[in-house]
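Have a look at the structure below before the remarks.
Each chain gets a letter, A, B and so on, in the order the sequences are listed, and its residues count up from 1.
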Number of protein chains: 2
Amino acid sequence: MAEGPTINTIARHAGVSIASVSRVLNGLPTREETVRRVLRAAEELGYVPNSVARSLKSRRTNQVAFAMADIGNPVYLAMVREIQPVLRAAGYRLLLHSTDADVADELDVLRGLGERYVDGLIMIPLRVTEGHLSALAAARAPVVVIGSVPEGAGVDNVRADSRTGVRLALDHLYGLGRRRIAFVNGPADTVPGAARAAAYREALDALDLPYDEDLVEVGDFYRAEGARAVRTLLDRAGDVDALMCANDLIALGALDVLRRAGRRVPEDVAVVGMDDTDLAAVAWPSLTSVSLGSARRGRAAAELLLDRLENGKREPRVVTVEPRLAVRASTVGARAAEEYGENGAAEEAGDGGEGAREAGRAAGGEGIR
Amino acid sequence: MAEGPTINTIARHAGVSIASVSRVLNGLPTREETVRRVLRAAEELGYVPNSVARSLKSRRTNQVAFAMADIGNPVYLAMVREIQPVLRAAGYRLLLHSTDADVADELDVLRGLGERYVDGLIMIPLRVTEGHLSALAAARAPVVVIGSVPEGAGVDNVRADSRTGVRLALDHLYGLGRRRIAFVNGPADTVPGAARAAAYREALDALDLPYDEDLVEVGDFYRAEGARAVRTLLDRAGDVDALMCANDLIALGALDVLRRAGRRVPEDVAVVGMDDTDLAAVAWPSLTSVSLGSARRGRAAAELLLDRLENGKREPRVVTVEPRLAVRASTVGARAAEEYGENGAAEEAGDGGEGAREAGRAAGGEGIR
DNA sequence: TTGTAAGCGTTATCAA
DNA sequence: TTGATAACGCTTACAA
């Protein structure tokens with residue numbers, strides 16, 4: 001932990017000026033002899049350029065931040081896993097912000113951009129308030145928002161399409177002959193909760209199925225509460241033959257409850273989750289789930305940001321990621337699920353997954369595949 | 001994205017010197033009137049101090065890095081979840097490095113400390129080579145290593161105790177009357193692989209059980225390969241009545257294979273995993289697993305680093321985290337498991353978990369609980 | 001109480 | 001080709 005050498009140290013050591021040192025270190029044309037002496041001194045002293053000083057001068061930090069509610073959330077995690085390598089390949093370091101679901105925290109992050117500790121930000125807000133819009137407009141660095149933001153917001157925007165996603169799931173269930181398709185949602189006042197509720201109604205309409213209030217139950221987005229909601233639902237509407245769950249955790253809770261109630265999955269009740277997290281493949285029976293493309297959204301966001309960092313003034317762009325349905329045992333049975341192949345999480349990982357897999361293996365930990 | 005104001009801008013605006021601006025902004029004694037003018041100007045101009053300039057001057061970045069193989073690995077993820085809030089509370093930002101299981105990358109991170117973009121580093125190396133030791137010795141910022149490092153390495157060190165961990169598991173199985181306890185390990189040339197293999201032999205010894213090569217199979221640390229290993233094992237030693245798996249993913253693979261083979265868990269074969277990841281509670285039957293305290297190790301590492309950052313010159317410290325056994329259905333059956341209560345992952349999260357849980361809920365994603 | 005000026009470690013301009 | 005020097009935005013002696 002010795003005090004590190006600076007270009008001054010090197011300059012003295014090599015008997016040249018700091019300007020020459022800088023030139024050599026930056027590969028600018030310099031006399032052979034000077035180059036040698038500088039490099040030799042740098043080598044001997046173990047010189048490493050100070051990135052803070054460099055940043056002050058260049059006005060670039062080569063750092064990018066990702067702000068989400070909680071890294072423990074598999075959806076955000078999938079994003080980080082894609083974002084990290086993309087940024088890294090472009091020479092950026094990744095900084096993580098957990099906003100703890102706190103709107104004020106999110107706004108702080110946005111204002112914090114003024115401190116210039118990062119060159120850009122990818123953020124996934126819980127909800128988009130007026131405060132967000134004005135903070136975004138005033139942001140002192142490029143921001144990419146994951147999650148819908150009004151057109152005029154002036155930021156790059158990556159969107160999921162839960163509408164189509166729910167539609168895929170209901171079509172699938174309908175195709176399997178299910179007609180009493182219940183919906184277990186999280187809080188309606190959250191962005192995803194609202195979007196998924198609307199999507200459910202629409203999908204029913206499209207299938208000419210009636211909207212039946214008895215078939216809808218709201219809890220939160222967690223397993224225990226999901227289980228409770230499903231119990232209530234079953235008590236109220238015993239003839240349910242399919243459950244559309246607003247995320248995978250709710251679906252896991254549903255599987256527990258159904259098992260205890262002696263209902264077979266999928267024979268008696270088919271179950272579909274949402275987000276297609278790693279858990280879906282681990283569950284038993286394995287869980288059919290709608291992928292909203294967390295990984296692809298993360299990647300898209302990173303790419304948008306990089307592009308914007310190189311190309312400051314271009315029109316804001318909106319990217320929408322197509323949902324996909326990962327069909328597994330909880331709707332078609334274990335046998336058939338194997339024929340479908342593992343078309344869920346595995347696909348998501350795509351090219352970005354390989355390094356990670358290698359990593360986990362050598363580390364003796366567990367990547368999830 | 002307008003160019004931000006600096007103390008110069010404010011100084012001109014307020015008609016004072018930059019020194020006065022700095023003083024006011026740092027709360028140093030200043031005349032009332034000056035304070036007012038400066039604050040007013042700062043407010044009007046939307047001044048935000050430039051953290052890069054501040055860092056250059058103060059020689060502190062208020063950033064800390066965490067380097068691990070792959071954030072997608074649940075073990076590391078659990079660590080990040082604990083590390084982040086601890087650092088944040090102390091005013092540090094968290095920077096993530098994925099080393100992709102590459103030793104050279106790890107060494108790069110260590111050397112990179114010379115760039116002074118962080119004040120300290122928490123790292124969890126895949127293995128500890130000579131190169132690591134010398135890089136650690138030469139590190140230009142405090143480092144905390146998670147994973148055993150030789151005494152003289154001169155860095156703070158947080159250790160798991162897989163020896164005791166395996167012992168806990170085997171005692172548990174023995175107590176349930178199991179005597180043919182097989183071991184499914186990952187590669188023996190990895191740190192955890194080697195440690196767990198040795199621990200298995202020792203635990204057998206302690207129980208006066210014979211070491212039987214037929215009961216040991218090595219694969220990697222993933223589910224598919226774990227499944228393969230278990231198949232091989234069952235073919236070779238059909239009388240196995242318990243499986244000790246070197247991590248949870250292997251154990252998940254084992255559950256699949258046993259299910260297909262028509263062996264009941266735990267009646268015919270009891271299964272124990274290791275690391276007690278979130279997946280253990282999701283599996284069916286839920287998985288008894290040895291917690292090596294990922295979350296606690298993360299927290300301990302963060303605390304060691306913070307302490308070291310405040311208190312540069314103290315003796316390196318070694319913290320060892322006690323393993324715990326999370327008993328679930330895969331060894332005692334579903335009924336009994338409920339009586340044990342959820343003594344696994346839930347406990348791990350501890351006080352650090354609440355904010356995260358809230359976060360996930362509002363976000364409509366899924367924290368894992 | 002305030003202002004001037006030096007310095008943190010770079011990069012880049014401009015003469016020499 | 002090279003060196004002296006001025007920024008970058010901030011903190012902090014030191015003088016006034």
Atom CG of Asp119(B) and atom C1' of dC8(C) are separated, to the nearest Å, by 15 Å
Please check the phosphate of dC10(D) (OP1 and OP2 only) for any side-chain N or O of Tyr47(B) closer than 4.0 Å. yes
Here the distance between atom P of dT2(C) and atom CG of Leu28(B), to the nearest Å, is 12 Å
Heavy-atom nearest pair, Thr99(B) first then Asp105(B), reads O-OD2, 3.2 Å
On DNA chain C, more 5' by nearest nucleotide between Leu56(B) and Val16(B) is Val16(B)
Looking at Val149(B), is its backbone amide N or carbonyl O close enough to the side chain of Arg159(B) to form a donor-acceptor pair, meaning the two atoms are under 3.5 Å apart?
yes
Considering only heavy side-chain atoms of Arg31(A), the closest of dC10(D), dT10(C), dT1(D) is dT1(D)
Taken to the nearest whole Å, CD/Glu33(A) to C1'/dG3(D) is 17 Å
From the candidates dC8(D), dG3(D), dT11(C), the one with an atom nearest any side-chain atom of Arg54(A) is dT11(C)
Original post:
Contact class for Val52(A) (heavy atom, under 4.0 Å): base, sugar-phosphate, or nothing?
Top reply: nothing
(request) Tell me yes or no: between the side chains of Tyr76(A) and Arg81(A), is some donor less than 3.5 Å from an acceptor? (result) no
Phosphate OP1/OP2 of dG3(C) contacted by Ser20(B) side-chain N/O (<4.0 Å): yes
Pro49(B) has its side chain closest, among dC10(D), dT11(C), dA4(D), to dC10(D)
Rounded to whole Å, CZ of Arg37(A) lies from P of dT1(D) at a distance of 16 Å
Ranking dC10(D), dG9(C), dA4(D) by distance to the side chain of Ser17(A), first place goes to dA4(D)
Taking dG3(C), dG9(D), dA5(C) as options, the one with an atom nearest any side-chain atom of Arg23(B) is dG3(C)
- Message: Under 4.0 Å, counting only non-hydrogen atoms across every strand here, what does Arg59(A) touch: a base, just sugar-phosphate, or nothing?
- Response: sugar-phosphate
message: Just checking Glu43(B): does its CD atom have more than 12 heavy atoms from other residues, nucleotides or ligands closer to it than 6.0 angstrom?
response: no
Rounded to whole Å, the CD1-P distance (Ile7(A) to dC8(C)) equals 11 Å
Taken to the nearest whole Å, NZ/Lys57(A) to C1'/dC10(D) is 15 Å
Atom CG of Asn8(A) and atom P of dG3(D) are separated, to the nearest Å, by 13 Å
- Please indicate whether Glu130(B) has more than 12 foreign heavy atoms, meaning atoms of other residues, nucleotides or ligands, lying under 6.0 Å from its CD. no
Leu25(A) CG to dT2(D) C1', in whole Å, measures 16 Å
_Side-chain donor-acceptor contact under 3.5 Å, Arg60(B) with Tyr92(B)_ = yes
Taking dA5(C), dG7(C), dT5(D) as options, the one with an atom nearest any side-chain atom of Ile18(A) is dT5(D)
Name the nucleic acid region contacted by Thr34(A), choosing base, sugar-phosphate or nothing; use a 4.0 angstrom heavy-atom cut-off, strictly under. sugar-phosphate
| said: Any base atoms under 4.0 Å from Asn26(A), or only sugar-phosphate, or nothing? Heavy atoms, all strands. | reply: sugar-phosphate
**Asked** What is the nucleic acid contact for Ser22(A), judged by heavy atoms within less than 4.0 Å: base, sugar-phosphate only, or nothing?
**Response** base
